[in-house]
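Working notes for the structure below.
Values reported hereafter were calculated over all heavy atoms of this structure, with side chains retained and with hydrogens, waters and symmetry mates removed. First listed ligand is number 1; within each ligand, the first listed atom is number 1. Source: prediction; values computed, not measured.
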Amino acid sequence: MNKNVLVTGGAGYIGSHACKALKAAGYVPVTFDNCSTGWADAVKFGPLARGDLLDRARLDEVFAEYQPIAAMHFAALSQVGESMQEPGRYWRENVTGALNLAEAAVAAGCLDFVFSSTCATYGDQDNVVLDENSAQLPINAYGASKRAIEDILKDFGAAYGLRHVIFRYFNVAGADPEAEVGEFHQPETHLIPLMLDAIDGKRDALTIFGTDYETPDGTCIRDYVHVCDLVDAHVLGLEWLKSGKGNRVFNLGTGDGFSVREVIQHSHSVTNRDVPFVEGDRRPGDCTKLVSGSSRAVNELGWNPKRSNLEAMIRDAWRWHQNTDGHYAK
Ligand code: UDP
């Protein structure tokens with residue numbers, strides 16, 4: 001029986017971990033990626049079909065060649081700061097790309113769709129724990145583009161029977177404990193890999209973006225979830241769709257928030273090394289606090305996050321960083 005699952009962005013950080021989890025669950029992950037921000041060397045668990053989501057004809061070809069039973073859509077531009085400077089790119093690449101993918105999926109009769117959305121769709125909501133019914137009021141173009149894609153999926157569900165599971169991620173961190181795949185962005189903008197680079201002397205110091213937020217220590221609070229737990233939820237989401245349970249949105253976070261300063265402290269205890277840092281200005285588009293209420297995924301999907309404590313996430317990221325020097329071969 002065909003077990004092909006189309007994984008857009010399978011050469012990227014989360015997508016590559018999803019491919020590993022899909023393979024372990026008996027599926028064949030078919031990566032669709034233009035390798036603009038991903039790495040061909042990260043595609044280790046199934047075939048790579050190079051292509052761009054803005055190229056509808058190429059999408060149709062890949063659907064025809066592999067006849068996937070479902071699509072998992074990870075490919076996207078995902079930097080909050082960049083999205084404030086270049087919103088047009090975010091609207092075009094994220095929204096038009098997803099629209100092309102959804103149309104190609106419907107045309108090919110591939111009607112199960114797992115989408116990677118974000119807590120950035122919620123925006124800055126005064127110190128609340130966000131559940132799936134919280135209002136979606138994004139304050140940056142990244143979050144706005146992801147919310148628009150959620151709307152596309154809902155409309156396609158009503159009009160064409162496209163079934164979807166939408167995951168709203170909080171802050172994804174860590175790496176495959178076997179260090180086959182890990183986090184590497186070029187340029188890197190995320191807190192934990194930047195911190196490990198600073199610890200390692202690969203950059204001078206980490207800049208803390210803003211120390212005057214209304215939080216106990218003045219720095220932003222985020223809910224960090226281990227990438228392996230996150231992708232396990234995607235396999236469960238796929239099985240949810242295949243068992244006919246229908247459209248559903250799930251937050252993926254732990255419910256625990258950590259400030260930037262707390263992440264730095266935990267890193268010190270894991271690596272036994274100081275994190276050189278300087279205090280800088282706020283980064284435009286950053287929310288003060290993003291913490292998930294994620295009981296729905298636990299109760300309904302049977303999600304059981306095993307590695308999502310900060311120490312394990314930093315330890316796994318540190319192992320990947322040390323084993324690989326923090327990047328794929330170029
Ligand atoms: N952050 C920071 N310095 C950096 C990168 C990130 O202080 O060099 C902060 C950022 O302001 C946010 C948190 O770390 O509060 C997580 O940022 P990241 O870019 O990793 O993820 P995001 O929350 O934007 O998805």
Side-chain angles (χ1 to χ4, degrees), residues 12-14 37 74 76-87 90 94 116-125 127 130 138-147 167-175 182-200 202-227 230 251-254 256-268 275-292 308 310 313-314 316-318 321 326:
Y13 169 43
I14 301 171
T37 58
F74 296 96
L77 298 174
S78 63
Q79 295 173 25
V80 167
E82 182 184 69
S83 81
M84 300 299 281
Q85 287 154 6
E86 300 178 73
Y90 276 69
N94 287 0
S116 99
S117 188
T118 169
C119 61
T121 62
Y122 293 120
D124 220 352
Q125 305 190 26
N127 282 327
L130 298 158
I139 63 164
N140 51 59
Y142 167 61
S145 72
K146 290 281 185 167
R147 186 186 60 179
F167 288 115
R168 296 187 188 135
Y169 309 162
F170 286 66
N171 281 62
V172 188
E183 180 169 19
F184 178 53
H185 299 103
Q186 191 72 282
E188 188 53 77
T189 63
H190 292 103
L191 177 62
I192 291 177
L194 284 175
M195 204 178 54
L196 300 180
D197 278 351
I199 289 175
D200 231 7
K202 289 207 183 71
R203 60 185 75 230
D204 291 343
L206 176 77
T207 302
I208 298 181
F209 292 147
T211 53
D212 59 348
Y213 284 96
E214 284 185 24
T215 59
D217 67 19
T219 65
C220 291
I221 293 177
R222 295 288 181 275
D223 181 342
Y224 294 86
V225 57
H226 196 294
V227 65
L230 187 97
N251 280 353
L252 294 177
T254 65
D256 291 326
F258 293 93
S259 72
V260 176
R261 289 192 203 280
E262 286 173 326
V263 174
I264 290 174
Q265 279 153 16
H266 278 81
S267 301
H268 178 83
V275 181
F277 67 85
V278 295
E279 296 182 357
D281 293 338
R282 291 184 178 199
R283 180 173 65 179
D286 270 347
C287 298
T288 305
K289 176 178 173 182
L290 289 167
V291 177
S292 170
S308 292
L310 205 45
M313 287 183 267
I314 296 170
D316 290 342
W318 184 233
H321 189 91

Taking N or O atoms only and a 3.5 Å limit, does Leu191 qualify as a polar contact for ligand 1? yes
How far is atom 3 (N) of ligand 1 from its nearest protein heavy atom, and which residue and atom name does that atom have? Thr207 O, 2.7 Å
Does Arg261 pair with Glu279 as a salt bridge, N-O distance under 4.0 Å? yes
Which atoms of ligand 1 are found less than 4.0 Å from any heavy atom of Cys220? 15 (O)
Determine the sole option in Arg283, Arg282, Lys289 for which the salt bridge (Lys or Arg N to Asp or Glu O under 4.0 Å) test with Asp286 is passed. Arg283
At what distance is the nearest protein heavy atom to atom 11 (O) of ligand 1, and which residue and atom is it? Asp286 OD2, 2.6 Å
Numbered atoms and elements of ligand 1 in range of Asn171, under 4.0 angstrom, heavy atoms: 16 (C), 21 (O), 22 (P), 23 (O), 25 (O)
Can an N or O of Phe209 be found at a distance shorter than 3.5 Å from an N or O of ligand 1? yes
Please indicate whether any nitrogen or oxygen in His190 is less than 3.5 Å from any nitrogen or oxygen in ligand 1. no
Can you find an N/O atom of Tyr224 closer than 3.5 Å to an N/O atom of ligand 1? no
In ligand 1, the atoms that come under 4.0 Å of a heavy atom of Ile208 are 7 (O)
Honestly, for Thr219 the part within reach of ligand 1 (heavy atoms, under 4.0 Å) is neither
Ignoring hydrogens, just give me the one of Glu279, His185, Arg203, Arg222 whose non-hydrogen atom is nearest atom 23 (O) of ligand 1. Arg222
Take atom CG of Asp204 as the centre, draw a 6.0 Å sphere, and report whether it contains more than 12 heavy atoms from other residues, nucleotides or ligands. no
